[in-house]
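As structure tokens, the structure follows; a few thoughts come after it.
Because the structure is predicted, anything quoted here is derived from the model rather than measured. Hydrogens, waters and symmetry mates play no part in the numbers below; they use all other heavy atoms, side chains included.
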Amino acid sequence: AAPTDPEPAAEGWLEYMRLASFISKNVLLSLLAFVLLLCAEVFSTLRFVFLLAGVLCGVLAIFLTYTVGGQRRFSEDWTFFQPLKGGARFIVFQIIGWTFFAFTILLPWVPWLLAWHFPQEAARVLVICAGASSVVGEVMMVCSLLTYNREREKKDDRLQLYFKEFLLSQKGYRLWTAFLGLQALLSIFACTLAIIADTFVFTDFARLLLVFFSVMCFSLSLFLTYGIGGRWKYYTTEWRFYQPFYGGKKFVVLQALAWAFFSIAMLIFILHMYDLLCSHLGVACPMPFVPGRLPSYFVAAVSGVIAQLCNALSLFVFKGKISLDTAVPGVEPVQVGIQSPMASLRQLCVAVMLYNLEKVVGVSILLSMLLADAAPLTVVSSWVIIAAVYLPTYFNSPSRSGSRMRPGFRNHWLFNELAAYFRLSVHTMQPLDPENKYIFGFHPHGILPITCGWIHFSKVWLDALPGIHPSTLTSTVLHYIPLMRDVCQVLSGLEVTRSGFRQAIKLHGSAMFVPGGQREMIESRSSDRAVTISTAHRGFVRVALEIAATEKKDMYIVPVYSFGETQILDNLRIPVAFQRWCIDTFRANVFFFPYGMLGLPGVPRPERLSVVVGRPIRVPAVPAASPVQVELLHRRFYTELHAAFEKFKVQAGHADDTLNFSPQFNPLAEEDFDAAWKTACAANTEVPAHSHHHPHHHKERDVERVWVAMAMIVFFLVVVYKAYGGLAYDP
């Protein structure tokens, strides 16, 4: 059962979310520092450039987290210099964080100053250690902000109560999962350091340093997850750092496994460090209790990752008594966990998979190129077999005919998992008659409008709008990219063309598309409260008039608004004017790098989606429609979209949001529309609406088809050439 969700004031939790976004960017900046310093270790050509850039990124990440992050979180109580203030835990984390901050600055320059004391490789590995120091220092700074004790909070019961309510809220739960993700990232980072020490040939001193940093990262991730993560999640229960055989059977078993694997990892690492130290000093130090060869660093690293995984999972199954000291008056003191960890993981995997189909294709092509040297016959024959099996799916023009559609996916568990991940809800302004024909206009576009493609296959939609199964119309280029086109076409997707609209209405009785297109995408920002709605397109109104005139029966255009759509992903920050130029020139945004949860590329944030289906606007069956009539229906559509937005924005949790229509339009009430429509019909002497034809659409579609075909041919030729053309490296 879902817990109670005592949401704090909108302004308060919004500040928390902005702070979390800011900190996640700084964590990524510290990881970038590690990558740059690793490049400084590997590449000798630009070593000084990589070194300087890596140190700068590491220093900025830690410094900005402490100064700007602390100022945003504790505006009135925060000072940059506050020795021995903030509580014991804050002081400890600060000491560790600033120590590693100093390591980040000093370690890269040690080889330049003390080169005559150390062998070259042993001294150079200090650069990698500086990168590791930037990551550890950043994590310590984040933890210090979480444990800072404000003097004012002790005196102000209202602030303390607000903080407790936030910990019990959905927003607090999301920040807690982000904190667990940060610790998981730290353990994976420790594993990477151990693998580097195990794979590359370094001196004993260099390996000793890498293993030391790996041990430190593993220890910090485990203790912080258990100590701070456990206390955070179970704020209202009797949580103690040392609580043997307490918390339930599952918790005890997982904790036993976690500490057992952690002990194994630490034992292997310590024995290796002992052996490396003895070897470096040239001292014979036998290990009588360890027969034979020591297990590799990789074994220790895997044990450490397993320990962190068991430790994190144990926090989901802890059972403790309610603590009277931390109870929140008027708030049900239930645990924050929404569902089982396996369900959350399953939903996350489904969401990541659906939002990264093009990356799967790209990685597959890249792997085939990399493996062409090692297994040329296997790779080339795989391309030939896949092409022979896959090319027939392009026959019969499924993007226009809908021949590959599979109705069995309605109410499929995959889309119900997505609905649960985004906590989807569908609201209607009035019931829709399944006997009528509809064109749904979905706003806003967001970064990736994938919601428009799967929402009508979920149980939530089917319950709210029974008998309404629209076909999603997408850009033509998506119907030529493998895997993406397969998912789109199986889910009744068609091209967003006149013929696509007609076929969708013929097969399914309704169509859904995104009128805003890429114009809305380039304006989409998760932090913006003003959502841009593009009103430039009128083609769907003309198509609706054409279909109504052809079938001699009224049809309807229906506005749909998705609250939370713009919060799912963000795109790389590039000047909007430059993105518009790319869209006008190449018909696509060249600089497209979506990122979401924790700043990870392609990982959608689990934002709550509240989809509102507005009132349908009747499109009369008139034999000839003038531009005036098109404009009247266009204005009615966006008037109803705005009305649906204003009616449900408080209920959807977006009370501060506003719509920014671009270009602006004049709202048109229903009674004014009726009078204006009669006047327009009486004065109508224009040509029929269906005579508006744009032959250049077919040329654009042919150009897209040629480009995709040429790209696939080039990829195949590269694979063949790399396999048999002499590019293989023979040492």
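The 12-atom threshold is not exceeded at NZ of K506, counting heavy atoms of other residues, nucleotides or ligands nearer than 6.0 Å.
Between the side chains of S662 and R519, not a single donor N or O lies within less than 3.5 Å of an accepting N or O. If you check the side chains of H479 and E495, you find no donor sitting under 3.5 Å from an acceptor.
Here CG of L478 is found 9.5 Å from CD of E358. Values are rounded to the nearest 0.5 Å. Considering CD1 of I617 and CG of L633, their distance stands at 8.0 Å, rounded to 0.5 Å. With rounding to the nearest 0.5 angstrom, the CZ atom of R485 is 13.0 Å from the CG atom of L357. The distance from the CG atom of N396 to the CZ atom of R404 is 11.0 Å, given to the nearest 0.5 Å. Residue L569 holds its CG atom at 11.5 Å from CE of M521, rounded to the nearest 0.5 Å.
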Quiz item: Can you list the steps and then say if T535 with H634 is a side-chain contact (heavy atoms from CB on, under 4.5 Å)?
Solution: CA-CA 8 Å; T535 62; H634 180 265; 4.0 Å; yes
Exercise. Apply side-chain contact (heavy atoms from CB on, under 4.5 Å) to F457 and S492, showing your working.
Key: CA-CA 10 Å; F457 282 86; S492 70; 4.0 Å; yes
Quiz item: Going through the distances and angles, do Q489 and S399 end up as a side-chain contact (heavy atoms from CB on, under 4.5 Å)?
Solution: CA-CA 7 Å; Q489 291 171 3; S399 61; 4.0 Å; yes
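Salt bridge status for K649 with D657: absent, with no side-chain N to carboxylate O gap under 4.0 Å. In summary, E640 and R636 engage in a salt bridge, as defined by a charged side-chain N under 4.0 Å from a carboxylate O.
Within the 3.5 Å criterion, the main-chain N or O of D570 finds no donor-acceptor partner in the side chain of S526. With Q664 contributing its side chain and F661 its backbone, the two residues share a donor-acceptor pair below 3.5 Å.
Taking the six-membered ring where the residue is Trp, F415 and H412 present perpendicular rings, their angle passing 60° and hence far from 30°.
Between H443 and F645, the ring centre distance reaches or exceeds 6.0 Å. Between F563 and Y561, the ring centre distance stays below 6.0 Å. Between H642 and Y638, the gap from one ring centroid to the other reaches at least 6.0 Å.
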